[in-house]
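For this chain, numbers begin at 1 and follow the sequence in order. These figures come from a predicted structure and were not determined experimentally. In listed order, ligands and their atoms are each counted from 1.
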Amino acid sequence: MVLERSGTSGSKIRVSGGGRCNFTNLNVTADNYISQNPRFCKSALSGFTPDDFIRMAEGYGVRYYEKEQGQMFCKGSAGEILSMLRRRCEETGVRIIYNTKIHDISRRGDAYVTVTNNGTFHSPAIVIATGGISYPQLGATPFGYRIAAQFGLNVVPTRPALVPLVFNAEDGARFDGLAGISFDAVVRCNSMEFSGGVLFTQRGLSGPPILQASSYWVEGSSIGINLLPGADAYEFLKGQRNQKVQLHSLLSGVLSRNLARRWCEVYSYIKPINQFNGRQLRGIADRLQDWKLFPKQTEGYRKAEVTSGGVDTEELSSKTMEAKKVKGLYFIGEVIDVTGQLGGYNLHWAWASGYACGHSI
Ligand SMILES: Cc1cc2nc3c(=O)[nH]c(=O)nc-3n(C[C@H](O)[C@H](O)[C@H](O)COP(=O)(O)OP(=O)(O)OC[C@H]3O[C@@H](n4cnc5c(N)ncnc54)[C@H](O)[C@@H]3O)c2cc1C
């Protein structure tokens, strides 16, 4: 039996992957997850693989394709994944009770007693699958963390992850008005590196490599952006050093015109390329390949695709997801301190941890 607080199920699945649900990734490994114990997810991931999910999806006629880097999406809509999961519930006799507010969960002897506005339920086991606290507008609540604490389990402090970054006040003013402009780059943060399209927003930066970097970013630290990935900026500039063309015009070929101009204005590079000396060209090249920014903050839980942190993996069995010191109490999915990178890893963790738990029960 599933007790669901809202009037529907799978709200995040419906909006996931821009409505097409990036439901798994062919390259899933433990390295794609952030956790205080990076090895915790290994067992569940090997017990339920991307192939397992794909085979199930095929069995229900879900059409899918690989977008890039192993990311598997629905060809139709995310609704197909939801329909599959709901049908699977029907076929296996799982009842979902909607609009259920849980007032209290307690343990009496070997049984759990769950008091709700829809009645009181007794069960030998209880599985907390209430997700993280990102996107509260889709019904996310801190309920899972509260239950963990109630039963004496440690919760690793949470942070928004896979979330746009906000400029500090100075950069906000410097790069104001560029919202909507995008460029290809490599973004580095805390020894991790992600490539793809970066997008200026009203308040900072977004796009896949920024979202990825945000999961590793901590307040006060910097991100480094390589604006000329795959090129040697110094060699490129040196090759043009006899030209009378303005530096920003030269850069317009690789960055957008507005961004190139603003970037050169901000760093006082407004002159023809032949008027820079070798040392100055070196400085410009270094900044082009490692444009350091000190974001002020993230856009917070409202815009974060996931919540990092959560129920401490030290408290749980990696084979079954059962709490080591509370028999019959299980946690699965995002509520646990296991956070996937962008690319289908978070849903895959939800499937794999759920599968491990289901098998045990
Ligand atoms: C916009 C967006 C896009 C995303 N896209 C992708 C993607 O393409 N690929 C990917 O891998 N991941 C994606 N994610 C992340 C992924 O959706 C989540 O990691 C995943 O849904 C977590 O599954 P879960 O079952 O742990 O929790 P959830 O899917 O959050 O489900 C938790 C459920 O518990 C219910 N609930 C909450 N509190 C209570 C309570 N007190 N009582 C009863 N019920 C409660 C909620 O209503 C909800 O139905 C995306 C997330 C967002 C927000």
Student: Under 4.0 Å from a heavy atom of Leu3: which atoms of ligand 1 are those, numbered in the order shown and with their elements?
Tutor: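 Near Leu3, the atoms of ligand 1 are 43 (C), 44 (N).
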Student: Got an N/O contact under 3.5 Å between Ala304 and ligand 1?
Tutor: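 There is no such contact.
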Student: Strictly by modelled atom types, are Glu315 and Asn154 linked by a side-chain donor-acceptor pair under 3.5 Å?
Tutor: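 On atom types as modelled, these side chains do not qualify, holding no pair under 3.5 Å.
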Student: Under 4.0 Å, counting heavy atoms only: does Ser9 come that close to any atom of ligand 1?
Tutor: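 Ser9: no contact with ligand 1 (<4.0 Å).
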Student: Going by distance only, is there an N or O of Glu334 that falls short of 3.5 Å from an N or O of ligand 1?
Tutor: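 Such a contact does occur with ligand 1.
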Student: Which residue holds the protein heavy atom closest to atom 29 (O) of ligand 1, what is that atom called, and what is the gap in Å?
Tutor: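 Closest protein heavy atom to atom 29 (O) of ligand 1: Lys12 CB, 4.1 Å.
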Student: Please work out which of the three classes, parallel, tilted or perpendicular, describes the rings of Phe183 and Phe200, given edges at 30° and 60°.
Tutor: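 It falls in the tilted class, 30° to 60°.
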Student: Both conditions, 6.0 Å and 45 degrees, for the charged tip of Arg241 above the ring of Phe276: are they met here?
Tutor: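 No.
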Student: Check the pair Tyr135, Ser11 against side-chain hydrogen bond (donor to acceptor under 3.5 Å, both in side chains), reporting the backbone distance first and the verdict last.
Tutor: CA-CA 10 Å; Tyr135 265 69; Ser11 300; over 6 Å; no
Student: Do Gly17 and ligand 1 have an N or O pair less than 3.5 Å apart?
Tutor: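 Such a contact does occur with ligand 1.
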Student: Determine yes or no for a side-chain-to-main-chain donor-acceptor pair under 3.5 angstrom, with Asp171 supplying the side chain and Pro295 the backbone.
Tutor: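 Not confirmed, Asp171 side chain does not pair with Pro295 backbone.
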Student: With heavy atoms of Thr141 as the reference, note each atom of ligand 1 found under 4.0 Å away.
Tutor: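 Selected atoms, number and element: 37 (C), 38 (N), 39 (C), 41 (N).
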Student: Mark yes or no: Arg287 above the aromatic ring of Tyr267, with NZ or CZ under 6.0 Å from the six-membered ring centre and no more than 45 degrees from the axis.
Tutor: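 Ring-cation test returns yes.
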Student: Relative to atom 33 (C) of ligand 1, which among Gly19, Ala129, Gly131, Ser6 owns the nearest non-hydrogen atom?
Tutor: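 That would be Ala129.
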Student: Does any N or O of ligand 1 fall below 3.5 Å from an N or O anywhere on Glu4, backbone included?
Tutor: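 Between Glu4 and ligand 1, an N or O pair is found under 3.5 Å apart.
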Student: Looking only at distances, please establish whether an N/O atom of ligand 1 is found under 3.5 Å from an N/O atom of His348.
Tutor: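 Between His348 and ligand 1, no N or O pair is found under 3.5 Å apart.
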